[in-house]
Amino acid sequence: VTAKAQSVPMGGSIAIGIEQAELTGALDEHTLASVTLTPSSTEVATTEGTVTPSAATIKDGETDVTANYSISYESGALTVMPVVTFDSNGGSAVDTQMVNPGSKATKPSDPTNGSARFMGWYKVTNGQTADTEFDFNTAINENTALKAKWGYEITPQYNVLGSISFISGMVESNGYYGIVGENVVL
């Protein structure tokens, strides 16, 4: 019985079940009915290793024929992959990516959020969103959370005192960027 190679997200669990193992050398009518699969480390979040099969049951229809076999077990490779999650912050959904350790995440298509303008992806660490846009040339070696920031246009406003606001810069408010105006008195 050979365990199939698995790639799992960092912090995740291996897949279990007979579809994750292969039975070879048995009669055609005999099937793998159950198998236990164990990762080489309980620290799946931080290691690469193996998936080891054990305690296989082989059946002929409903009859257990395990005792007719001298079963050997072969481990399969276990690759732990960092996960990049995208919080669109109220925008359209963006799929999570699993990347090979040390590789780069693929910049997804920009999400949409009504009339708001997408301003970029920003890394979130310990609940705090970075001030600088995430660089997609960064090697990923740990789970990474990215959050979208959105901008909105502020249109010129008039008031009874005869002033007018003109668009002139950017300001952030609650994760949104906006364009601030300069007041000119007429």
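Hydrogens, waters and symmetry mates are skipped; everything else that's a heavy atom, side chains included, is used.
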Review point. So which of I18, T38, V35, I71 actually passes side chain to side chain contact (heavy atoms under 4.5 Å, CB included) with P53?
Key: V35
**Study point:** Check against side chain to side chain contact (heavy atoms under 4.5 Å, CB included), T129 and K149
**Key:** CA-CA 10 Å; T129 305; K149 286 192 179 181; 3.7 Å; yes
Revision key, fill the gap. Looking only at heavy atoms, the pair that brings N141 and P82 closest together is C-CG, 3.9 Å
Review point. Are L37 and V8 joined in one hydrophobic group, where the rule is that I, L, V, M, F, W and Y side chains link up if heavy atoms are under 4.5 Å apart?
Key: yes
Review point. More than 12 heavy atoms of other residues, nucleotides or ligands under 6.0 Å from CG of D95: is that the case?
Key: no
Exercise for review: Give the intermediate values and the outcome of side chain to side chain donor-acceptor pair (under 3.5 Å) for residues S75 and T52.
Suggested key: CA-CA 4 Å; S75 297; T52 303; 3.0 Å; yes
Check your understanding: Is V94 reachable from V99 through a run of I, L, V, M, F, W or Y residues, each pair having side-chain heavy atoms under 4.5 Å apart?
Key -> yes
**Study point:** A56 backbone acceptor or donor facing Y73 side chain under 3.5 Å
**Key:** yes
Check your understanding: Does atom CG of L27 have more than 12 heavy-atom neighbours, drawn from other residues, nucleotides or ligands, at distances under 6.0 Å?
Key -> yes
Check your understanding: Side chain of T144, backbone of E142: donor and acceptor closer than 3.5 Å?
Key -> yes
Review point. From W121 CH2 over to D87 CG, what is the distance, rounded to the nearest 0.5 angstrom?
Key: 7.5 Å
Review point. Short question: side chain of D64, backbone of T66 - any donor-acceptor pair under 3.5 Å?
Key: yes
Revision key, fill the gap. All heavy atoms of A55 vs all of T36, minimum pair found to be CB-OG1, 3.8 Å
Check your understanding: Hey, what's the ring geometry for F118 with W150, parallel, tilted or perpendicular (30° and 60° as the breaks)?
Key -> perpendicular
Review point. Any idea which heavy atoms bring I14 and P39 closest together, and the distance?
Key: CD1-CD, 3.6 Å
Check your understanding: In the single-linkage hydrophobic clustering (I, L, V, M, F, W, Y; side-chain heavy atoms under 4.5 Å), do L78 and M10 co-cluster?
Key -> yes
Exercise for review: Report the distance from atom OH of Y122 to atom CD of E133, rounding to the nearest 0.5 Å.
Suggested key: 4.5 Å
Revision key, fill the gap. Rounded to the nearest 0.5 Å, the OG1 atom of T2 sits from the CG atom of L23 at a distance of 9.0 Å
Practice item. Say whether V84 and M81 are linked into one hydrophobic cluster, either directly or through other cluster members, by side-chain heavy-atom distances under 4.5 angstrom. Key: no
Check your understanding: Okay, side chain of S40, backbone of T50: is any donor-acceptor separation there less than 3.5 Å?
Key -> yes
Review point. For E19, does the CD atom have more than 12 heavy-atom neighbours from other residues, nucleotides or ligands under 6.0 Å away?
Key: yes
**Study point:** Interatomic distance, N68 atom CG to D60 atom CG [nearest 0.5 angstrom]
**Key:** 9.0 Å
Exercise for review: Could you tell me whether the side chain of N89 and the main chain of A148 form a donor-acceptor pair under 3.5 Å?
Suggested key: yes
Review point. Taking a hydrophobic cluster as the set of Ile, Leu, Val, Met, Phe, Trp and Tyr residues connected by side-chain heavy atoms closer than 4.5 Å, whether directly or through intermediates, do V124 and F136 fall within one such cluster?
Key: no
Check your understanding: Just how far is it from atom OG1 of T24 to atom CD of E74, taken to the nearest 0.5 Å?
Key -> 8.0 Å
**Study point:** Contact summary for F134 and I140, nearest pair of heavy atoms
**Key:** CZ-CD1, 3.9 Å
Point to revise | Distance, nearest 0.5 Å, that separates CD of Q97 from NZ of K107 | key: 12.0 Å
**Study point:** Contact summary for N113 and G90, nearest pair of heavy atoms
**Key:** OD1-O, 3.4 Å
